[in-house]
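Right, one structure below, let's go through it.
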Amino acid sequence: QQQQQQQQWEPASISYTPAVEALLLPYFLQFVQHQYKQELEAYAAAVATLDLRSPHTWYPYARAIKRRIIYHGGPTNSGKTYNALQALAAAARGVYCAPLRLLAMEVYETLNHMGVYCGLVTGQEVIRVPGSGHVACTVEMASLGMHADVAVIDEIQLIGDDQRGFAWSRALLGLPANTIHVCGDTSAVQLVRHMAALCGDEFELHTYDRMTPLKVDAGGLLKGWADVQPGDAVVAFSRKDIYRCRKAIESATGQRTCIVYGALPAETRRQQARLFNDPHSGANILIASDAIGLGLNFNIRRVVFTTMQKFAKGGRSKVPVPVSLVKQIAGRAGGRNR
């Protein structure tokens, strides 16, 4: 009798079915939303910060401006950057974004020499010029809080670089400028066009041809380093090889040389660049890293590669120099008055 009474008071078991879930779920959701309201709001905010699918929405200041993006695409020594810099110099307020400190310094000096007051901002130095409406900076240091009439983003093809490409994306999406001139080869045209469409910006493409012919010297250095001549740029891909080449060339030719690579102090690089470009300095042979391929202006007659291999990122093994980089460096030959 006691066992029968216990069975009488036991609740009937409910098996899981879709119908049961459909019945209970609305009540469960109401309970959770009421009981854990703050936790759910915090979770939704955290998820929103992790959504990286729409970076063009991160820059409301730039999105409030109807921008015009002009793509100057072409090979080296085609005048594309010159035209963009002329537009920059004519503007009341402007910003120039460079891939290298030395190139930012070169534009800083050029604009001030033209009578356009310009400041300089890089990771190594900041020069404020009173009354200036322009600034030349490395692309990572570009300020997204200063409105400009004209902005120039140089070497735009580096937007595809797996280590530094973010800086070009940030500048292109976030610079609050009425007109943005981007300069580089044409490999990034479709990407920039797509990004302009996402931002609601106008897009124009101007293409350029090389102003001087470029050809391969089939003979090379038949007599070794003794055949290196004034106006030559000898390219090596490590600091050790740069200094080794410098010693060998000066010994074989009896001539002074200049060296340029990314890790040199800024003032030393500027001094070496001036020496090489000055025909009366007596130091008109340049030994450089692949940094000369990124828009630096040298009076180079001929480019000599010491090797077609360079250390991979991480420095443990060597890989072939990318074809695009070879073309970029070789294209510096014949620049300016060479």
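Residue numbers count from 1 along this sequence. Both backbone and side-chain heavy atoms feed into the values below; hydrogens, waters and symmetry mates do not. Just so you know, these numbers come straight off a predicted model, no measurement behind them.
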Do other residues, nucleotides or ligands put more than 12 heavy atoms under 6.0 Å from the NE2 atom of His194? no

Rounded to the nearest 0.5 Å, what's the gap from CD on Glu106 to CG on Leu120? Could you check? 12.5 Å

Report yes if the side chains of Ile180 and Arg68 come closer than 4.5 Å at any heavy-atom pair, otherwise no. no

Going hydrophobic residue to hydrophobic residue with side-chain gaps under 4.5 angstrom, can you get from Ile329 over to Phe276? yes

For residues Gln229 and Gln255, is any side-chain donor paired with an opposing acceptor at under 3.5 Å? no

With salt bridge (charged side-chain N to carboxylate O under 4.0 Å, His left out) as the criterion, how do Arg93 and Asp149 come out once you've worked through the C-alpha distance, each side chain's angles and the decisive distance to 0.1 Å? CA-CA 5 Å; Arg93 298 183 64 85; Asp149 298 308; over 6 Å; no

hydrophobic_cluster_shared for Ile127 and Val95, side chain cutoff 4.5 Å: no

Quick one: does Arg67's side chain get under 4.5 Å of Thr179's, heavy atoms only? no

Tightest non-hydrogen contact, residues Pro176 and Met146, listed as CG-O, 3.4 Å

Do NZ/NE/NH1/NH2 and the carboxylate oxygens of Lys66 and Asp201 come within less than 4.0 Å? no

Atom of Val152, atom of Ala84 and distance for their closest heavy-atom approach: CG2-O, 3.7 Å

Would you say Asp185's side chain and Pro75's backbone share a donor-acceptor pair under 3.5 angstrom? no

Minimum side-chain heavy-atom gap Val135-Tyr96 below 4.5 Å: no

Can you see which heavy atom on Cys118 is nearest to which on Ser132, and at what distance? N-CB, 3.8 Å

So if you build clusters from Ile, Leu, Val, Met, Phe, Trp, Tyr with side-chain heavy-atom gaps below 4.5 Å, do Leu172 and Ile65 land together? no

When rounded to the nearest 0.5 angstrom, what is the spacing between OG1 in Thr110 and OH in Tyr82? 11.0 Å

Among residues at least two apart in sequence or on other chains, which ones pass salt bridge (Lys or Arg N to Asp or Glu O under 4.0 Å) with Glu125? Arg270

Note: Ile242 and Ser289 closest approach over all heavy atoms is CD1-N, 3.8 Å

List the atom of Arg170, the atom of Val139, and the distance in Å for their closest heavy-atom pair. NH1-O, 4.1 Å

d(Ser251 OG, Trp225 CH2) to nearest 0.5 Å is 12.0 Å

Within the distance-only criterion (no hydrogens, no angle test), does the side chain of Thr253 pair as donor or acceptor with the backbone N or O of Ile249 below 3.5 angstrom? yes

Sub-4.5 Å side-chain heavy-atom contact between Asn77 and Arg332: no

Report yes if some heavy atom in the side chain of Ser54 is under 4.5 Å from a heavy atom in the side chain of Leu198; otherwise report no. no

Under a 3.5 Å threshold, yes or no: a donor from one side chain and an acceptor from the other, between Thr76 and Arg210? yes

Pairing donors with acceptors under 3.5 angstrom, does anything connect the side chains of His72 and Tyr208? yes

Does the Asp227 side chain pair with the main chain of Lys223, one donor and one acceptor, at a distance under 3.5 Å? yes

Please walk me through it: do Arg164 and Glu140 pass salt bridge (charged side-chain N to carboxylate O under 4.0 Å, His left out)? CA-CA 8 Å; Arg164 298 184 64 202; Glu140 286 87 352; 2.8 Å; yes

Please tabulate, for side-chain N and O atoms in residues 26-48, each donor-acceptor pair with protein atoms closer than 3.5 Å (sequence neighbours left out).
none

Tyr117 versus Asn112, side-chain donor and acceptor atoms under 3.5 Å: no

Distance col, row Asn284:CG vs Cys258:SG, nearest 0.5 angstrom, shows 7.0 Å

Arg302 side chain vs Val228 backbone, donor-acceptor pair below 3.5 Å: no

Verdict with supporting geometry, Phe237 and Tyr261, side chain to side chain contact (heavy atoms under 4.5 Å, CB included): CA-CA 9 Å; Phe237 294 98; Tyr261 56 90; over 6 Å; no

Could you walk me through whether Thr138 and Leu100 pass side chain to side chain contact (heavy atoms under 4.5 Å, CB included), step by step? CA-CA 6 Å; Thr138 45; Leu100 296 174; over 6 Å; no

What's the separation between atom OH in Tyr71 and atom CZ in Phe203, rounded to the nearest 0.5 Å? 7.5 Å

Is it true that Phe166 and Ile159 fall in one hydrophobic cluster, defined by side-chain heavy atoms closer than 4.5 Å? no

Can a donor-acceptor pair be found, under 3.5 Å and without considering hydrogens, that links the side chain of Thr17 to the backbone of Val20? yes

Does the Lys310 side chain pair with the main chain of Val319, one donor and one acceptor, at a distance under 3.5 Å? no

Applying side chain to side chain contact (heavy atoms under 4.5 Å, CB included), run through Cys183 and Glu155 and close with a yes or a no. CA-CA 6 Å; Cys183 308; Glu155 303 296 347; over 6 Å; no

Checking His181 side chain against Asn83 main chain: does a donor-acceptor pair fall under 3.5 Å? no

Are Arg274 and Glu109 packed together at the side-chain level, in the sense that at least one heavy-atom pair is separated by less than 4.5 angstrom? yes

For Asp161, what residues pass the salt bridge (Lys or Arg N to Asp or Glu O under 4.0 Å) criterion, not counting sequence neighbours? Lys313

Using the rule that two of Ile, Leu, Val, Met, Phe, Trp, Tyr join whenever any of their side-chain heavy atoms come within less than 4.5 Å, decide whether Val303 and Val321 are in one cluster. yes

Contact between Asp241 and Thr306 at the side-chain level, heavy atoms closer than 4.5 Å - yes or no? no

Could you report the tightest heavy-atom contact between Trp168 and Asp154, atom names first, then the distance? NE1-O, 2.9 Å

Under 3.5 Å, is there a donor-acceptor pair between the His147 and Asn178 side chains? yes

Would the number of heavy atoms belonging to other residues, nucleotides or ligands and lying under 6.0 Å from CG of Asp209 be above 12? no

To the nearest 0.5 Å, how far apart are CD in Gln272 and CG in Leu102? 11.0 Å

Give the intermediate values and the outcome of side chain to side chain contact (heavy atoms under 4.5 Å, CB included) for residues His56 and Met195. CA-CA 8 Å; His56 61 285; Met195 294 172 72; over 6 Å; no

Do the side chains of Arg193 and Leu191 get nearer than 4.5 Å, heavy atoms only? no

Consider only side-chain N and O atoms of Thr257 and Arg246, and report whether a donor and an acceptor are under 3.5 Å apart. yes

